[in-house]
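To keep things clear, I will list the structure first and then write my remarks on it.
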Amino acid sequence: MTLFAEVILSLPLDRSFLYAVPEAFKKKVVKGARVLVPFKDRLLTGVVIERKKTSPPGLKLKAIRDVLDETPLFSPQFLSFTRQLSRAYYSSWGELLRIALPASFAPQSKTRVVITDEGRLALNANKISPLEKDILLLLAKKSYSDVFLKRKSKASRFSSLLSRLAEKGWVCVEKGMDSFHERRETGLQVTPVQLEMDFSLDKESLRTADMLAGEISKDTFSYQYVFGSAAKREAIYLYLIKKSISSGKRVLFLVPEIAFTGSLMEKFQNRLGEHAALLHSQMSESRREHEWLRINDGHVSVVAGPRSALFSPVENLGLVIVDEEQDDSYYQKENPAYDARQGAYLRAKQENALLIFGSMAPSVETYYEAQKRGTLHILEKESTKHRIDIVDDRQNRGIVSPKLQERLRENLDRKNPSLIFCNRRGYAGYVACSRCRYIPRCQNCDIALTYHKRENKLVCHYCDQALSPWHACPECGGQMVRKKEVGVEAVEEAVHRHFPKSRIVCFDTDIVKKKKDGQHILSEFKNGRIDILIGTQLLAHQKDLPEVSLVAVLFPETTLSLSDFRASLRTYQMINQMLGFLRSDKDSNGVIQTSFPEHFSIQSSPFGRYEEFYKEETKFRRLMNYPPYVHMVEVLFQGENLRALARKSREFTSSVRRGAAAIEILGPALTAARVRGMNRIQVILKAKRRKDLDDVLRPSLQKIKTRKSVRVYY
DNA sequence: AGCACGCCGACT
DNA sequence: GTCGGCGTGCTC
């Protein structure tokens, strides 16, 4: 009886490949096991997803070369969860499985190129082309991989160049295998652990925590949302983690990328010690592998980390937490694209675990979902105890309003440090000719260049290209003037003017380019050697920034002008995050300085009135047919040739239109600017039911062959 | 993805 | 006349 295996490979393809199973491997080739298979002219690691008794006629199959696992590495639940995730985001299943493994668990053949004696002679003989000579010169010192040589070589068709060299006998191309780890096959040890943990749960929180803890023991999937301050959420999380562990269940704890210097992680390390695995993005490959093995062997009860921790080999999951659920870093845009929030949902569901989302500035989609399910827990209402002033900027002539000057003065007098956020880099938004209104734009990106005074450059914020500014307009010779839009540099200058004796420092991308400078500034601030620290959102992302008694947010309305249906939410979250650095005593002051004070996001956010914001925002979303009321997908076509792009995108749109009537199509539309010389055309699809989208989108995407990326919003 | 094939424009 | 651009197709 012959046996065949359906194998998934780590390629950007939405399909599997069929292989013949040699007699010797029949027992070991099972669903979830890794196999080494020949593919084209190389060897790749794949995952068996199905055993088959028959194969389609007329298909000449290759045979599996080796089986890497005695028992399946991936459980059926894990396979199912990753497949669903890949389908939800139109990304490749094989690539998702690949990122679930440390590199040494997915070996593949590598090509090494070695120079021959004849090759060395040819190098001296001088009758070779410059391209060939470049390669041989490199190889004269040592051998290299073909990938490395390809990157070094200027040849456009490198592969044919290489085979020509091999034909002439100048180089020898060798195929070798990656070294890979033998997997340890250890049994699961689920040892219930008792942990000493102290909690400070107030009555309300304790009630919620107890109720949620009840869900763990039920052993069924449960979807819950915890709305509240970081401190209150944290207490609940730790309570639940303790409950989970003591009942022998494991925990997956997801946090945003930036949270790694945060105190919660330290607490984890201290309280859980060996029982916890803390993962982060700057971990070395060997360290990552070490942690992966510990988790895989069942030695770890809690895995905490950013979105990629979602794929940790944790068995017997009882609790999945997604903290700061609204954070953008949960969505991976590069291939394989996926959203760790949706991933957490799918995985928790698959494992019958308790799923907890938590935040104080929720995403509309998740909040809506929790409300619909009736599983929303609000730990506190309006949380602001301090005084907040919303200053109408339109009344002012200067950059720093009288109100802010007053507050800064008070705070300086009390010897307290202050924070000022202004979310725009550079000095002025743009420069223009005073006569003909000509605006200098980036050659590659089409967007207006921003004037940076510190470096005296015009800078493109898309591709970072910097030009020296010119004084006369190249079109009419008129004088170039700076426009009114204000950047951090201008804020710094203005604050300096008002408080010449104070120690004022600016913290932005341009300064932090040198990493040490950034750390230095932060520690100076912590040590009280800076009176006023001025920064962009980059500063707000520094989690170890100390709390202060004065926080000013300047011009938050700039976020509102983005052509994104989540602009209001972004504004809400940004203000919320920045004011989060306010000490929570009555003497603390917040100042919002804006030219759009009546906007609901600016009105509600400073006071933590999310419900109020949510009501307004959902009104708009419902009216405009945006998530969560529809499912929405954005398809982005990218390329240099605008003509070809336009043709492809229109072809795509009409294919979708032919496919279904229940889909609303926006576009194709040229996006506002090119990026690094690339044109981008956007098509947005909306539908009431996800299935309507999938049914027509999948075939349409397959049919139109060109570089495109898909982004799923809800 | 990676690579081979195949068909049109500027050059030793 | 070729070299070399990239559009298209295929990988069990």
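It should be emphasised that the depicted structure is a prediction, and the values quoted were computed from it without experimental measurement. Proteins get letters first, then strands, A, B, ... in listed order; numbering begins at 1 in each.
Counting non-hydrogen atoms under 4.0 angstrom, A/L9 reaches nothing in the nucleic acid. Heavy atoms of A/R98 sit nowhere under 4.0 angstrom from any nucleic acid atom. In this structure, A/K62 reaches the sugar-phosphate backbone alone: every heavy-atom distance under 4.0 Å involves primed, P, OP1 or OP2 atoms, never a base. Residue contacts shown for A/K52 are absent, as no nucleic acid heavy atom lies under 4.0 Å away.
Residues passing the salt bridge (charged side-chain N to carboxylate O under 4.0 Å, His left out) test with A/K62, sequence neighbours excluded: none.
Spacing between atom CD of A/Q702 and atom P of C/dC10 amounts to 13 Å, rounded to whole angstrom units. In this structure, the NZ atom of A/K703 is 14 Å from the P atom of C/dG9, given to the nearest Å. Note: CG (A/L43) to C1' (C/dT11) measures 14 Å, nearest angstrom. A/L61 places its CG atom 11 Å from the P atom of C/dT11, with the value rounded to the nearest Å. One interatomic measurement links the two molecules: CD1 of A/I49 to P of C/dC12, which rounds to 16 Å at whole-angstrom precision. What separates NZ of A/K705 from P of C/dG7 is a distance of 14 Å, to the nearest Å. One can place CZ of A/R707 at 11 Å from P of C/dG7, the figure rounded to the nearest angstrom. The nearest whole Å value for the distance from the CZ atom in A/R647 to the C1' atom in C/dT8 is 12 Å.
In summary, A/E95 and A/R98 do not engage in a salt bridge, as defined by a charged side-chain N under 4.0 Å from a carboxylate O. A salt bridge does not link A/E291 to A/R288: none of the charged nitrogens lies less than 4.0 Å from a carboxylate oxygen.
Geometrically, A/R341 does not engage A/Y345 in a cation-pi contact defined by less than 6.0 Å to the ring centre and at most 45° from the axis.
Within residues 16-32 of chain A, the residues that have a heavy atom under 4.0 Å from DNA chain C are, in order of number, A/F17, A/L18, A/Y19.
Residue A/R15 places a side-chain atom within donor-acceptor reach of the base of C/dC12, judged by atom type and a 3.5 Å distance cut-off alone.
Note: A/Y713 and A/Y626 fail the aromatic proximity criterion, with ring centroids not under 6.0 Å apart. Within the 6.0 Å centre-distance limit, the rings of A/F311 and A/Y338 are counted as a close aromatic pair.
Contact of the A/F105 side chain with the A/T45 side chain is not registered, since no non-hydrogen atoms from C-beta on lie closer than 4.5 Å.
Here the side chain of A/K40 is nearest to one of B/dG2, C/dT8, B/dA1, namely B/dG2.
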